[in-house]
Amino acid sequence: MPKAIAYRNRINGSRAENLERAIEFYEAALTVRTLENFPDKWAMTQNNLAIAYGDRINGSRAENLERAIEFYEAALTVRTLEDFPEKWAMTQNNLAAAYRNRINDSRAENLERAIAFYEAALTVRTLENFPFNNVLTLNNLGLTYLKKLDYINREKPADKNQKAATLQSAYDTFKNAITGASKLRELESGDETKQKHDLEWDKLYMSMVQVCLDRQSNQEALLYAEANKARNLAEVIAQKQETPQLLKPITFTEITQLLTPDTALIEWYITNEEIITFVLTYPDVLTVHRNPQLAELIYLVVDYRADYKKSKIDWQKKLSDYLQRLAEILQITTILPSESTRLILIPHWLLHLFPLHALPLTHDEFLLDRFTQGIQYSPSCQLLQQITIHPNFDQLLALQNPTSDLPYTDLEVASIAPKFAISQILPGSQASKTNLLEQYLEQLENAHCAHFSCHGSFNADEPLKSFLILSGGIIEDLGGSERYVEWRAGKTADIDKCLTLAEIFGLRFKQCRLVVLSACETALIDTQNRSDYIGLPTGFLYAGAMGTLASLWAVNDLSTALMMVKFYEVLQPGVSIGQALHDTQRWFKSAITSDLLVWVEGSDSFDGEQKEDVTEYLGRYKPTVKPYGDVYHWGAFCAIGL
């Protein structure tokens, strides 16, 4: 018996062959575990043999399911409700799954049998006695109702009453399942455990959103989509307020309160079936677009990532084409609200990889050109609602070129520092991890603005090991230790000397309005977990920052430095972070060489030597050329938060 279980779960080798071996061992066990001598163990083996046949790859799928049903029914001759209620319920649940997938006989009858078996299992698997199994079975029952709905739409589209009744049953079932899942979550502790919980029940929320939309309950669909996004982060921020509060689900009215007469909100939610776009305009007008082009989006992301990993130069040449493809997939020109001048974007999952503000609308107009009062991003509406507003903005702590290999970061920080009444600069070797977290931790956590002008890297496999490189953080490729991670060709990062996302979570900002991550790949997040939002911006928002400026790719040293100088010039009192970045990007992408030269010469942000250096470089371009007109130079940075 243990060998059968081991082969059924085996990872190495052929899956088909492993299942065949498992079946052989189960059948061998039955020569001893007879009904007469060991009825309980016989029934357990019948149940396990049924599972193996349900998973079996070899042979006829239809016949395998028939055998599975036979074995489950055999197990139920011993596993009765009276004698073994818990095991009876488990086998009822398994038998339901077999009927749901059954190929032989009437599809309608098979689905009805599946529903009946799930409902029977739920008489034992109650929320009070078996909470996890209750939610699991409810989810399975809800999915069966959806399969029944598909059957009705295909075979009996005119039967509106049956369709409505089935849709209502699916809604009620998923609602009960989500209630149970929420109660399970309340019993859990620790962010990592809750993240696993949210990922486990991700599909439950996807199903509920789609059911709500099918019922024309658009507001409810938006609220369930919200409940499935960045929940852990919003909870932590709520508990860190001056008056800690237990996070309650956001209401539709509270979402509309994020708007002003000039503001619109676009929130995406991606299920396993479609791309859903919620568009909300002032005061409370909600429209929904359901887009079936999920496969096209996934293909785009696969190509985009492959090109980025293979060659940054080739990827950069294709970037505009990728954004054009994305704009077409998202049908961006169709969904845009026409009257608004300010926009809040709530991306989801794979959409966090892209500069949505840089999506092309025409050959010479981009999304940010349409919304002249600015564009800001947030992981969710609830998170946006929780962010504390810090009005003061006169204390700066900046890390300047810790690795001494980014010459224009010196220009960048030197130009920014005079704009603050109080500034603490850690240049070069002074910008070490030890120095920052031991000698200057108080200044960092009390800063109104924290500016990191350095190298950065996102770790897609282990997001908590994403990092900002501080002094001593780049070494020759040594390998052989978890502290050394591959960074770029021929170079390795020593994460013990870098500021990692895990360590950023431990910071505690007291009145920080803005964290600027003037480095590569600082806005990227973990897309393996679509229900959460884990990346460097997460860490700083978690630590108490009001907002972050972060990048979606490996950026250019000079163009980034010039963008940052311009951004801080625009960021005057009364101007939001989103507005300042928006105005900077619009100006930067349209500026010809002569515009840039006039700006540098007339700006008090540069000293004489800096002006000479920059004007010498810009002088290589013709006066009417747009040196930074390519989206690669102006589009990488996003304003996340407020």
Side-chain angles (χ1 to χ4, degrees), residues 206 209-210 213 218 221-222 225-226 228-230 263-281 285-308 315 318-371 374-381 523-525 527 530-531 533 552-553 578 582 585 589 631-632 634-640:
M206 291 184 209
V209 170
Q210 290 180 306
L213 292 178
N218 292 350
L222 173 59
E226 267 290 312
N228 194 216
K229 287 184 175 183
T263 304
L265 183 149
I266 299 179
E267 176 159 355
W268 283 274
Y269 187 72
I270 303 174
T271 71
N272 287 337
E273 306 292 333
E274 58 187 341
I275 304 167
I276 300 167
T277 311
F278 299 94
V279 181
L280 185 61
T281 54
V285 180
L286 176 65
T287 56
V288 179
H289 303 266
R290 303 181 71 171
N291 184 337
Q293 298 186 78
L294 176 59
E296 288 84 347
L297 174 61
I298 292 174
Y299 293 144
L300 169 63
V301 170
V302 170
D303 292 343
Y304 180 90
R305 282 175 156 163
D307 279 342
Y308 185 81
W315 163 85
K318 297 179 182 179
L319 180 56
S320 294
D321 292 335
Y322 277 124
L323 294 179
Q324 180 63 50
R325 282 174 60 186
L326 181 60
E328 293 168 0
I329 290 169
L330 296 181
Q331 302 171 3
I332 196 68
T333 56
T334 302
I335 67 173
L336 286 184
S338 57
E339 303 299 325
S340 306
T341 54
R342 177 174 169 267
L343 186 62
I344 300 171
L345 296 177
I346 315 286
H348 185 223
W349 192 30
L350 300 173
L351 296 182
H352 283 291
L353 296 170
F354 299 99
L356 300 176
H357 58 280
L359 291 178
L361 305 180
T362 65
H363 74 282
D364 61 354
E365 183 186 24
F366 297 86
L367 190 64
L368 82 168
D369 293 318
R370 187 72 59 88
F371 295 89
I375 295 176
Q376 70 183 99
Y377 291 78
S378 179
S380 70
C381 291
L524 295 179
I525 70 160
T527 54
R530 71 169 79 185
S531 64
Y533 180 83
L552 288 163
W553 52 72
H582 167 274
Q585 289 175 322
K589 74 181 179 65
V631 67
Y632 164 76
W634 60 265
F637 285 89
C638 307
I640 303 166

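For the single chain, residues carry numbers from 1 onward in sequence order. Here the structure is a predicted model, which means the values were calculated and not measured. Keep in mind that the numbers below use all heavy atoms, side chains included, and drop hydrogens, waters and symmetry copies.
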Peer 1: Could you tell me which residues satisfy salt bridge (Lys or Arg N to Asp or Glu O under 4.0 Å) with Arg342, sequence neighbours excluded, listed by chain and number?
Peer 2: none
Peer 1: Side-chain contact test, heavy atoms from C-beta onward, threshold under 4.5 Å: evaluate it for Leu265 versus Thr281 and give yes or no.
Peer 2: no
Peer 1: Of all residues at least two apart in sequence or in a different chain, which pass the ring-ring contact (aromatic ring centres under 6.0 Å, His included) check with His582?
Peer 2: none
Peer 1: Please check: side-chain N/O of Tyr322 versus main-chain N/O of Trp315, any donor-acceptor pairing under 3.5 Å?
Peer 2: no
Peer 1: Roughly how far, to the nearest 0.5 Å, is CD1 of Ile270 from CG of Leu350?
Peer 2: 5.5 Å
Peer 1: Sequence neighbours excluded, which residues qualify as side-chain hydrogen bond (donor to acceptor under 3.5 Å, both in side chains) partners of Thr271?
Peer 2: Gln210
Peer 1: Could you work out, with side-chain hydrogen bond (donor to acceptor under 3.5 Å, both in side chains) as the rule, every residue matching Asp321, not counting sequence neighbours?
Peer 2: none
Peer 1: Taking side chain to side chain contact (heavy atoms under 4.5 Å, CB included) as the test, write out the residues that go with Ala225, two or more places apart.
Peer 2: Val209, Tyr269, Phe278
Peer 1: Taking Cys381's backbone N and O only, do any of them form a donor-acceptor pair with Glu226's side chain (distance below 3.5 Å, no angle check)?
Peer 2: yes
Peer 1: Apply salt bridge (Lys or Arg N to Asp or Glu O under 4.0 Å) to Asp307 and list each qualifying residue two or more places apart in sequence or on a separate chain.
Peer 2: Lys318
Peer 1: Any non-hydrogen side-chain atom of Ile276 less than 4.5 Å from a side-chain atom of Leu213?
Peer 2: yes
Peer 1: Which heavy atom of Leu294 sits nearest a heavy atom of Trp349, and at what distance?
Peer 2: CD1-CZ3, 4.5 Å
Peer 1: Residues two or more places apart in sequence or in another chain: which of them pass ring-ring contact (aromatic ring centres under 6.0 Å, His included) with Tyr533?
Peer 2: His352
Peer 1: Going by side chain to side chain contact (heavy atoms under 4.5 Å, CB included), name the residues that satisfy it together with Ser320, two or more places apart in sequence or in a different chain.
Peer 2: Val631
Peer 1: For ring-ring contact (aromatic ring centres under 6.0 Å, His included), just list the numbers for Phe371 and His357, CA-CA rounded to whole Å, side-chain angles, deciding distance to a tenth of an Å, and then say yes or no.
Peer 2: CA-CA 9 Å; Phe371 295 89; His357 58 280; over 10 Å; no
Peer 1: Taking only distance into account, with no hydrogens and no angle test, what donor-acceptor pairs under 3.5 Å do side-chain atoms of residues 295-304 form with protein atoms, sequence neighbours excluded?
Peer 2:
none

Peer 1: Tell me, with the steps shown, if Leu356 and Tyr377 meet side-chain contact (heavy atoms from CB on, under 4.5 Å).
Peer 2: CA-CA 9 Å; Leu356 300 176; Tyr377 291 78; 3.6 Å; yes
Peer 1: Looking at Leu222 and Glu267, what are the two nearest heavy atoms and their distance?
Peer 2: CD1-OE1, 3.6 Å
Peer 1: Scan the side chains in residues 324-340 for donor-acceptor partners under 3.5 Å anywhere in the protein, sequence neighbours excluded, and list what turns up.
Peer 2:
residue : atom : partner : partner atom : Å
Gln324  : NE2  : Glu328  : OE2          : 3.1

Peer 1: Nearest 0.5 angstrom please: Leu345 CG to Ile375 CD1, how far?
Peer 2: 5.5 Å
Peer 1: Can you find a heavy atom in the side chain of Ser531 that is under 4.5 Å from one in the side chain of Lys229?
Peer 2: no
Peer 1: Begin with the C-alpha distance, continue with both residues' side-chain angles, and end with the deciding distance and a verdict on ring-ring contact (aromatic ring centres under 6.0 Å, His included) for Trp634 and Phe366.
Peer 2: CA-CA 12 Å; Trp634 60 265; Phe366 297 86; 5.1 Å; yes
Peer 1: Is the closest side-chain heavy-atom distance between Ser378 and Ile640 below 4.5 Å?
Peer 2: no
Peer 1: Which atoms form the tightest heavy-atom contact between Ala358 and Leu323, and what is the distance?
Peer 2: O-CD1, 3.9 Å
Peer 1: Which atoms form the tightest heavy-atom contact between Val279 and His289, and what is the distance?
Peer 2: CG2-CD2, 4.0 Å
Peer 1: Considering all heavy atoms of both residues, which atom of Leu524 and which atom of Leu552 are nearest to each other, and what is their separation?
Peer 2: CD2-O, 3.5 Å
Peer 1: Residues two or more places apart in sequence or in another chain: which of them pass side-chain hydrogen bond (donor to acceptor under 3.5 Å, both in side chains) with Trp268?
Peer 2: Thr277
Peer 1: Can you sort out the partners of Arg305 under side-chain hydrogen bond (donor to acceptor under 3.5 Å, both in side chains), two or more places apart, ordered by chain and number?
Peer 2: Thr527
Peer 1: Heavy atoms, side chains only, cut-off 4.5 Å: are Phe637 and Pro355 in contact?
Peer 2: no
Peer 1: Give, for atom CZ of Arg370 and atom OG1 of Thr341, the distance between the pair rounded to the nearest 0.5 Å.
Peer 2: 12.5 Å
Peer 1: Please determine whether salt bridge (Lys or Arg N to Asp or Glu O under 4.0 Å) holds for the pair Asp369 and Lys589, giving the CA-CA distance in whole Å, both sets of side-chain angles, and the decisive distance to 0.1 Å.
Peer 2: CA-CA 11 Å; Asp369 293 318; Lys589 74 181 179 65; 3.2 Å; yes
